[in-house]
Amino acid sequence: MPQKTLSAFYGKPKSSPNAAALRESAPNPLVPINVNFIAEKVKKQGREDEAVQQKKRRRLARVVEDSPSNNTIKEGDDLEDDVEGVILNEKSKTWAESESEAVHCSIEETCPAIAGGVEDGVKNQNTWVAVASSKMSSIPQLESFSEAPKKVASIFMKPKPKSPRAPANKSTSAASKPDQNEGEAGQDAGVEPIVRIEAEENVASPSSVTAAEKRVKADVGKVEGVGLGALAAASKHAAVDVDSVVGGRWDKDQPIPFEFLADTFEEISETSKRLDIVNLLINCFRAILTTTPEDLLPAIYLCTNRVAPAHYGVELGIGEGILFKALSTATGRSEQRIKDALKQEGDLGIVAVKLKSTQKTFGAGSKLTVRGVFKAFKDIATSSGKNSQKVKEGSIVKMLASSKGNETGYVIRSLQAKLRIGLAEQSVLTALAHSFYLWREGARDKDGRLADKLEQASQLVKQAYSECPSYDVMIPALLSHPMEELLQHCHFMPGVPVKPMLAKATNAVTEVIDKFQDSEFTCEYKYDGERAQLHVLEDGTVMIFSRNSENNSSKYPDIVQRVHKALRSDVKSIVLDTEAVAYDRDKKKILPFQVLSTRKRKDVAVGDIDVQVCVFAFDCLYINGRSLLKCPLEERRAALYSAMQEMEGEMQFATAKTSKDVEELQRFLDEAVDGCTEGLIVKTLCDTYEPAKRSSHWLKLKKDYLQGVGDTIDVVPIGAFHGKGKRTGVFGAYLLSIYDPETETYQTISKLGTGFSEEVLQQLADCMTPHIIDKPKKYYTWGETLVPDVWFDTVKVWEVKAADLSISPVHKAGLGLVDPVKGISIRFPRLIRVRDDKAPEDATSAEQIADMFRKQAYHKTEDVKEQDEEDGQEDE
DNA sequence: ACTGTCTGCCC
DNA sequence: ATTCTGC
DNA sequence: GCAGAATGGGCAGACAGT
């Protein structure tokens, strides 16, 4: 089962293991399974053999499921494998959900009803009591801690039949927590704590959900399979008629049920074959197009985890924090409990599905629709101000309540903007192109050229999107005009950011020569600042976009102001590709990225800018109404040089050199590094601008890419974090330290999450797990906000590569040596190799780190450079 | 008004 | 950002 | 080689809580 799939958790026929089997099938060696507290606790007693333990567990409590609508727990019910674990927490007067927050009380006093069945060894331990089962649909609320015994007893002794309540009414329940339904709790043991809601925009007409016999009568009717060329190999999904995709789940012109999208996601998650993934999405889009085309736009947004084009600056503002809260409210579990579950499952979506699946819901299925979910997302994104967090939480809870099965998981994953099903922007664009083509032209391969045509359509759509990255523009254009006309409606123009061209990493100077062979190439300094795409519109408006197409115009009013001065008078409109770099005007020196990043970001006034920037221009993409994207770099650069005049320290051309000589290239790279830049970007002169592509026409040449060159640090792992997603079950990241012989302490220097293959990742986990210790050693120093899930003894030394060293607000390496209160950290840390030849005390020392920091080009004064040379001699 | 936490966005 | 991986 | 998914440091801004 692919890790990313949710299906196992909501009971697809082929894989619906019960909770226990699931735990069996996916053991996590790193996380003690803390779901079954009873089992855990009994194990800890450690004296009895397994048979006695089982007996004890049975005697603790038992559960039976009378019927789906009458989930109650009686004394003697068998909880054995379904115990969810509920512990009393005196502080919060709630049911704690981990041992760590459990109050110590005896079973006897808490729950005399079951204490009788517990042997003295346990009863007198004054520890904890587990009372709930996954089959128990509600946990009684506590008003005071002292009433706990009564409530617990009432569950066990006097179960009341589940008494269905009318769904809460809309206005009051949006933000209401289960505990606001106090007083009824005792009688409501059978009522799920989730807040249910009738939300008109989320409700499809009942008939569309239930009338399975109603078939779609789409205009296009049955569409024949593609089954051709490259697609033939994966035509399993393409050769499908739209009717069967729709499966009678909704009618023409009816809102697309969110369930349909979630099911598509689920199917996609089950394969890693890209062709299959795209085909599944094509079928999904075709179904939407033939029934309810107006729902395509929201569907696309849900597929790409956005709510608006990037340059609109609309963000969800949802992260794990709020999701923990929302899930807690929706499921009645504590946040801690959900966090623990996340560590075990490695995905909050899976956690949500699992929690939800243990709750019985009323009524028919989900009422979520694609447009309803999207609208909710938009509302979440636009809510701000006081109490906005609560409002956001409320609408998430609402969606969770209306969701069922895998929908729950995909609502959560969408909110995290991480579908992690192997589908992202590029696949969506391909699917979009194909589905539109098939929708318009039909799937019959009339002339044997269908595969080509689909590929063409895909290129067209991708080009349109990189030139005009807005589905708000593109989808309507596709819907109301022939595909061939797409570029007339979606094309590059000042005011809308183009996806910037990216560069690829190279490992050696010779690789550059290798890749570019005989074509002429040019090198530019790679400035360490922020990508800035400058747009000057015909009306004189200046706009600035970031690498990710965010609108940064209000962040750089100083640049906006100076652009006109730098442009020659005949320039009416222009788009420049530049890097904005922090700059010290007095010393005429480039400043590090870390300085630039302290600039204010919103509504900056020119008057109170404290970090000045110099703009280094290196490309011209548009001038006076003409796109230069299709022109060779040589021409674009000529346009740049003639359109702009340099203003020292404000707007300059990127330092460049054209050469074919390896040694000259090497020298230029050294110069670049001395000049406080990251290295070089090497570009062919003959190639066009390729938006969004990390093409091999631009190469990144950085010192730290070169093997055996660049800063390397020997570190000691002293902690680790549980992995998520495909790293579930191993450590996803490690906490690294260096050794300070002066103070005899290990000081954290950074975390580490890349540079290991899956195999190594597993090896490291196996290797380090035996060295887990209960609590950090006294001689560790770390940041309070960076506490790892597990601590290690100091046993290993790893070699890690760094691009730079920085002064850290959280890490402690070399504390006091460079900054009185801050330590040093690593920029872009990655694992190079395990150093089995070194002992932890031989790790890089605090003094060495401080030295490395001081020697970075940015900090080099003339004296330090001299010092360097001396050091160099000493080292020999 | 201050502080701590979460989030998004730079790299 | 860097790095790894399946296709 | 592409596309996607793991993961890093560190900053400002927005809120919530005090």
Any donor-acceptor N/O pair under 3.5 Å between D:dT7 base and A:Thr754 side chain: no
Pairwise 5' ranking along DNA chain C for A:Gly755 and A:Leu502, keeping only the more 5' one: A:Leu502
A:Lys392: side-chain contact (heavy atoms from CB on, under 4.5 Å) partners, not counting sequence neighbours: A:Ile318, A:Ile322, A:Ile380, A:Ser383, A:Gln389
Shortest side-chain distance from A:Ser806, nucleotide among C:dT2, D:dG4, D:dG10: D:dG10
Distance in angstrom units between A:Asn552 CG and B:dG8 C1', rounded: 12 Å
Flag for A:Ser546-A:Asn548: side-chain donor and acceptor within less than 3.5 Å: no
Nucleotide of B:dC10, C:dA1, D:dA12 approaching A:Arg601 most closely (side-chain heavy atoms): D:dA12
Between C:dT3 (P) and A:Arg694 (CZ): distance, integer Å: 12 Å
5′-ward residue of the pair A:Glu759/A:Glu678 relative to DNA chain C: A:Glu678
Minimum-distance nucleotide (side-chain atoms of A:Ala733 versus C:dT2, D:dA12, D:dG8): D:dG8
Sugar-phosphate only, base, or nothing, as touched by A:Ser597 at under 4.0 Å among non-hydrogen atoms: sugar-phosphate
Contact under 4.0 Å: A:Ser808 side-chain N or O vs D:dG9 OP1/OP2: no
Protein-nucleotide distance (A:Ile318, atom CD1; D:dA14, atom C1'), rounded to Å: 13 Å
A:Gly753 backbone acceptor or donor facing A:Tyr734 side chain under 3.5 Å: no
Rounded distance in Å - CD (A:Gln416) to P (B:dC6): 14 Å
Charged N-O contact under 4.0 Å between A:Lys343 and A:Asp789: yes
Sugar-phosphate only, base, or nothing, as touched by A:Asp804 at under 4.0 Å among non-hydrogen atoms: nothing
Sugar-phosphate only, base, or nothing, as touched by A:Leu761 at under 4.0 Å among non-hydrogen atoms: nothing
Between D:dA3 (P) and A:Asp276 (CG): distance, integer Å: 17 Å
Sugar-phosphate, base or nothing in reach of A:Ser696, heavy atoms under 4.0 Å: nothing
Ring-face cation of A:Lys751 near A:Phe721 (centre distance under 6.0 Å, axis angle within 45°): yes
Sugar-phosphate, base or nothing in reach of A:Arg827, heavy atoms under 4.0 Å: sugar-phosphate
Position toward the 5' end of DNA chain B (nearest nucleotide), A:Thr785 or A:Lys526: A:Thr785
Whole-Å distance separating the CG atom of A:Leu423 from the P atom of D:dA6: 13 Å
Minimum-distance nucleotide (side-chain atoms of A:Arg547 versus B:dC11, C:dT5, D:dA5): B:dC11
Sugar-phosphate only, base, or nothing, as touched by A:Lys700 at under 4.0 Å among non-hydrogen atoms: sugar-phosphate
Sugar-phosphate, base or nothing in reach of A:Lys693, heavy atoms under 4.0 Å: nothing
Among B:dC10, D:dA12, D:dG8, the one nearest A:Phe593 by side-chain distance: B:dC10
Nucleotide of B:dC9, D:dG4, C:dC7 approaching A:Arg274 most closely (side-chain heavy atoms): C:dC7
Atom-to-atom span, CD of A:Glu784 to P of B:dT5 - whole angstrom: 9 Å
Touch class at under 4.0 angstrom, heavy-atom based, for A:Arg830 against every strand present: sugar-phosphate
Sugar-phosphate, base or nothing in reach of A:Asp603, heavy atoms under 4.0 Å: nothing
Phosphate-side-chain proximity, A:Lys325 and B:dC6, N/O vs OP1/OP2 below 4.0 Å: no
Sugar-phosphate only, base, or nothing, as touched by A:Tyr705 at under 4.0 Å among non-hydrogen atoms: sugar-phosphate
Given D:dG13, D:dG8, C:dT5, the nucleotide with the shortest approach to the side chain of A:Lys751: D:dG8
Sugar-phosphate, base or nothing in reach of A:Leu596, heavy atoms under 4.0 Å: nothing
The single option from A:Arg599, A:Arg547, A:Lys555 passing side-chain hydrogen bond (donor to acceptor under 3.5 Å, both in side chains) against A:Glu530: A:Lys555
Proximity to the side chain of A:Lys462 - top-ranked nucleotide from C:dT2, D:dA3, C:dC7: D:dA3
Sugar-phosphate, base or nothing in reach of A:Leu831, heavy atoms under 4.0 Å: nothing
Sugar-phosphate only, base, or nothing, as touched by A:Lys801 at under 4.0 Å among non-hydrogen atoms: nothing
Selection from C:dA1, D:dG4, D:dG13 that lies nearest to any side-chain heavy atom of A:Gln426: D:dG4
d(CZ, A:Phe828; P, D:dA6) in whole Å: 21 Å
Nearest-nucleotide 5' precedence on DNA chain B, A:Glu579 against A:Leu415: A:Leu415
Touch class at under 4.0 angstrom, heavy-atom based, for A:Lys702 against every strand present: sugar-phosphate
Shortest side-chain distance from A:Ser427, nucleotide among D:dA3, D:dA5, B:dC9: D:dA3
Polar side chain donor-acceptor pair, A:Glu690 to A:His697, under 3.5 angstrom: yes
Cationic N near anionic O, under 4.0 Å, A:Arg531 to A:Glu579: no
B:dC6 phosphate, OP1 or OP2, under 4.0 Å from A:Gln389 side-chain N/O: no
